[in-house]
Protein chains: 2
Amino acid sequence: MVRKVRAVMLKKRITLKDIARETGVHVSTVSRALDPVERRSITPEVIEKVHGAAERLGYRPNRIAAGLRTNRTMTVGVMIPDITNVIFPPILRGIESVLEPLGYASIIVNTDSEKERESRLVDVLRDRGVDGIIHAAALRSDPSIARAAEDGMPVVTLNRRVERACIPYIINDEEGGIRQMLSHLSDLGHRSIAHIAGPQNLSTGQLRLAAFRDCVTSMKLSHNERLVVTATRFDEDEGMRCVDALLSSQEPFTAILCANDRLALGAIERLRGRGLHCPTDVSVSGFNDMPFLNLIRPKLTTIRIEQHSAGRTAATLLMRLINSNDLESVPIETILPVELIVRDSTGPAKDAAPRPTGRYSAARHT
Amino acid sequence: MVRKVRAVMLKKRITLKDIARETGVHVSTVSRALDPVERRSITPEVIEKVHGAAERLGYRPNRIAAGLRTNRTMTVGVMIPDITNVIFPPILRGIESVLEPLGYASIIVNTDSEKERESRLVDVLRDRGVDGIIHAAALRSDPSIARAAEDGMPVVTLNRRVERACIPYIINDEEGGIRQMLSHLSDLGHRSIAHIAGPQNLSTGQLRLAAFRDCVTSMKLSHNERLVVTATRFDEDEGMRCVDALLSSQEPFTAILCANDRLALGAIERLRGRGLHCPTDVSVSGFNDMPFLNLIRPKLTTIRIEQHSAGRTAATLLMRLINSNDLESVPIETILPVELIVRDSTGPAKDAAPRPTGRYSAARHT
DNA sequence: GTCAATCTCGCAATCGATTGCATGAAATTT
DNA sequence: AAATTTCATGCAATCGATTGCGAGATTGAC
């Protein structure tokens, strides 16, 4: 059955003018009486009268009009690659948790990690007069956001830093995470550790790979570039493909450190398909600690990133940029701590040599 | 290390007035020359000149100012319970896929299914002058959104319908989904089927329970109210608790139809903890087909809801409400089809009912 | 009791774009 | 050629709130 909607007349909006007429004072007085700051210079009884009338008439301030005059919309733009990626919703809730109490709303846009889409969206946000932008889209090179910042738009970036630009950035301690994971694996006796790296056009992919290389050498693990394969996307399919590549390279390894959880899940799945059990045959680790990981077997050992607090931090910094009279106080760099979460996907190296200088463990595959 | 941000002067914005000065025509002419509709009544050479100047100066229209005059912000509000719930991001992308090409942006708010928060957020959206609201927050009774609709605000609801209000709603074919699942289970030989129902203050929870009761009787399965337990939240913990309740009731059953996937996942987990294997001992089914289900063992048999297209549909209807001159054409009710996805968590009914403790031997119901 | 300082509030401009109406010129008709 | 229509553009009001400035009114000081 299909019923119809009837047309409805929009109810007239109550404005300052209505309150002014009602109370007999001028609209500017009404405006001041309603403004918690300007209120100081208004007689208590006028304030009383105005508030009474406002209440009675159901006055709601028109933010659009105020925004036109003050050039502030109380709106911020939030750019992310893709909201369906589970790591972003907690970030958004974190952002919201500081913005909403302050009366700010956010406009969220998905860039899909496409360069031109991203720069078009920056313009969309600017056209809408957002007071600032939180940029969590992971594309590394990005002229449009830098230009916006140069033009005076308050901007902070999350998980990424724009080179040569003076834009505050919040990043997670990627390197620390990689190091913790490597020493965890090392403690379990692993010496030949493979890495499934993330896309290199994303900063997380790049940072984690660089950290992997650094730590492997500084920890005196066997460093073999053939144990590094790079995924083109952060997803399970790529995790599978990279495992195939690792196995067919014939290089022996006893563990795979993956650049994120989804790669790790794909890797484990494919290992299983090839008759290799995790963690008995190969240990696999992830990164991010995304939701639902506790439901997937084996439970993944990973690095937890506090997405919610990253969002909070980004929003807090942006507020300081927007409202603070001394911008000098806003730190350019903020590094958030990460945490090693040991679960079931990592275990003792199967053929680990008793001494680090021993021979490599034998390959079990093929 | 902590470097500092330097203060930056906001670059002056180019306005219609600047273009008018540059081209020597009046600002109203500039406005018309730039408006694709009004453009008809302007000389081609003036249009040329104006567009040239606009291009050269880098003019970007001020939507705030336009919005004040036209009373349209090209913004819609989207209300959801919680963005971290994986079913909502696809809905949002669906909405965005319709809205963005039309020049609309959306403000997303999370209600956390709290009544007063929800009604406060309706006000927030109205204050911001959104042109319409898509309401996907599942609280069943809700005066504030109905009031907004009465005041002339275009509103559509998703996954829920506001009683007694003339608000177009989009729902999924919950009953059809339940029926499909029940006949699937019935085909597998199950006759005693338990139901873990969702929270009854959410419409999905309520609708699915009602459908379960209807279908069970109409399909002549054994109807036993003691095989129905109600969860207080849609999560794994509640799924576990409900399984405990079912098992301790001593009622025999061979399958559990759960009101959503998370309840099902919790149920399977707890069954396993009690020594019952899914699907060998008990079949379990979910609802929603949320992401990552393919990574969790056993792969869950469920009902797929097309979240993305639900979002698209909602947005399309809202656009019709906002822009159509005859609102009569907007259907009040839209029911979207669902699809049975058979995977590994359902199998042939075992002759014996589950016996967690082995203390009783259950007869099979007919 | 006069003058200055202070306080409260109104006036009017302003933010930038839109739009009904008016005007003068060009095009068309008679 | 005069009259009328059409057309392109300018004028000015408007949306609703904010805010610098100034006018009265009130208070206080000497």
Side-chain angles (χ1 to χ4, degrees), chain A residues 10-51 53-54 57-75 103 126-131, chain B residues 10-51 53-54 57-75 103 126-131:
Chain A
L10 244 95
K11 194 199 264 180
K12 191 186 161 300
R13 199 186 177 111
I14 302 295
T15 73
L16 287 190
K17 205 187 293 186
D18 298 316
I19 300 181
R21 186 175 342 98
E22 191 81 3
T23 57
V25 300
H26 194 264
V27 356
S28 64
T29 306
V30 176
S31 172
R32 281 189 258 257
L34 259 23
D35 182 330
V37 177
E38 294 266 19
R39 176 155 47 198
R40 299 178 295 98
S41 63
I42 302 285
T43 317
E45 63 228 40
V46 173
I47 294 185
E48 179 82 15
K49 203 165 53 173
V50 168
H51 274 83
L57 298 176
Y59 172 73
R60 310 246 46 182
N62 184 332
R63 282 172 176 283
I64 306 294
L68 177 59
R69 177 65 220 253
T70 60
N71 210 28
R72 304 175 101 249
T73 53
M74 301 299 279
T75 306
R126 298 182 78 175
D127 288 353
R128 289 184 170 275
V130 296
D131 296 338
Chain B
L10 242 95
K11 193 197 264 182
K12 190 187 160 302
R13 198 185 179 114
I14 302 296
T15 72
L16 286 189
K17 206 188 291 185
D18 297 315
I19 300 181
R21 185 174 345 95
E22 190 82 3
T23 55
V25 301
H26 193 266
V27 1
S28 63
T29 308
V30 177
S31 171
R32 283 189 258 257
L34 260 23
D35 182 330
V37 177
E38 294 267 19
R39 177 155 45 201
R40 299 178 295 97
S41 63
I42 302 283
T43 318
E45 63 228 39
V46 173
I47 293 184
E48 180 82 14
K49 205 166 50 174
V50 168
H51 273 85
L57 298 177
Y59 171 73
R60 311 243 47 180
N62 184 331
R63 282 174 176 283
I64 307 295
L68 178 58
R69 179 65 221 253
T70 61
N71 209 27
R72 305 175 98 250
T73 53
M74 301 299 279
T75 306
R126 298 181 78 174
D127 288 354
R128 289 183 170 275
V130 295
D131 295 338

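Residue numbers begin at 1 in each chain, while the letters A, B, ... track the order of the sequences. The analysis underlying the following values was restricted to heavy atoms, covering all of them including side chains, and did not include hydrogens, waters or symmetry mates. It should be emphasised that the depicted structure is a prediction, and the values quoted were computed from it without experimental measurement.
- Counting non-hydrogen atoms under 4.0 angstrom, B/S28 reaches a base of the nucleic acid.
- Summarising the geometry, the separation between CZ on B/R40 and C1' on D/dC7 is reported as 12 Å, rounded to the nearest angstrom.
- In this structure, A/L68 places its CG atom 12 Å from P of C/dT18, rounding to the nearest Å.
- Separating the CG atom of A/N71 from the P atom of D/dA17 is a distance of 18 Å, rounded to the nearest angstrom.
- In the interface, the side chain of A/R69 is not paired with the base of D/dG20 through any donor and acceptor atom under 3.5 Å apart.
- Among D/dT18, C/dT18, D/dA17, the nucleotide with an atom closest to any side-chain atom of A/T70 is D/dT18.
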Stepwise side-chain hydrogen bond (donor to acceptor under 3.5 Å, both in side chains) test for A/T75 and B/R128: CA-CA 10 Å; A/T75 306; B/R128 289 183 170 275; 2.9 Å; yes
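- For C/dC9, one of the phosphate oxygens OP1 or OP2 lies less than 4.0 angstrom from a side-chain nitrogen or oxygen of A/T43.
- In this structure, the side chain of B/T43 does not engage the main chain of B/E45 through any donor-acceptor pair within 3.5 Å.
- Under 4.0 angstrom from either OP1 or OP2 of D/dT9 there lies no side-chain N or O belonging to B/H26.
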Go through the steps to decide whether A/N62 and A/T15 satisfy the test side chain to side chain contact (heavy atoms under 4.5 Å, CB included), and finish with yes or no. CA-CA 8 Å; A/N62 184 332; A/T15 73; over 6 Å; no
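- Closest to the B/A66 side chain, of the nucleotides D/dT19, C/dG10, C/dA17, is C/dA17.
- Rounding to whole angstrom units, NZ of residue B/K49 and P of D/dT9 are separated by 8 Å.
- No N or O donor and acceptor, one from the side chain of B/R60 and one from the base of C/dG16, sit under 3.5 Å apart.
- Residue B/R63 is out of contact with every strand shown, counting any heavy-atom pair closer than 4.0 Å.
- Nearest-nucleotide mapping onto DNA chain D: of B/I47 and A/I64, the residue sitting toward the 5' end is B/I47.
- What separates CD of B/E38 from P of C/dA17 is a distance of 15 Å, to the nearest Å.
- The main-chain N or O of A/P61 is found under 3.5 Å from a side-chain atom of A/R13 such that the two form a donor-acceptor pair.
- In the set D/dA17, C/dC15, D/dA8, the nucleotide with an atom closest to the side chain of A/N62 is D/dA17.
- Rounded to a whole Å, the CZ atom of A/R13 is 8 Å from the P atom of D/dG16.
- With C/dC9, D/dA17, D/dA8 as the choices, the nucleotide that has an atom nearest any side-chain atom of A/I42 turns out to be C/dC9.
- Residue B/R32 contributes atom CZ, which lies 12 Å from atom P of D/dA8 at whole-angstrom precision.
- Of the candidates A/I42, A/I47, A/L16, A/L16 is the only one forming a side-chain contact (heavy atoms from CB on, under 4.5 Å) with A/L34.
- Nucleic acid contact for B/T15: sugar-phosphate only, since backbone atoms but no base atoms lie under 4.0 Å from a heavy atom of the residue.
- Of the candidates D/dA17, D/dT19, D/dT9, the closest approach to any side-chain atom of A/L16 belongs to D/dA17.
- Where B/E45 and B/A65 meet DNA chain D, the nucleotide closest to each residue was compared, and B/E45 sits on the side nearer the 5' end.
- Using a 4.0 Å heavy-atom criterion, one finds that B/V46 contacts the sugar-phosphate atoms exclusively.
- Nearest heavy-atom pair, B/A53 versus B/T23, reported as atom, atom and distance to 0.1 Å: CB-CG2, 3.6 Å.
- A straight line from CD1 of A/I19 to P of D/dT18 spans 11 Å, rounded to a whole angstrom.
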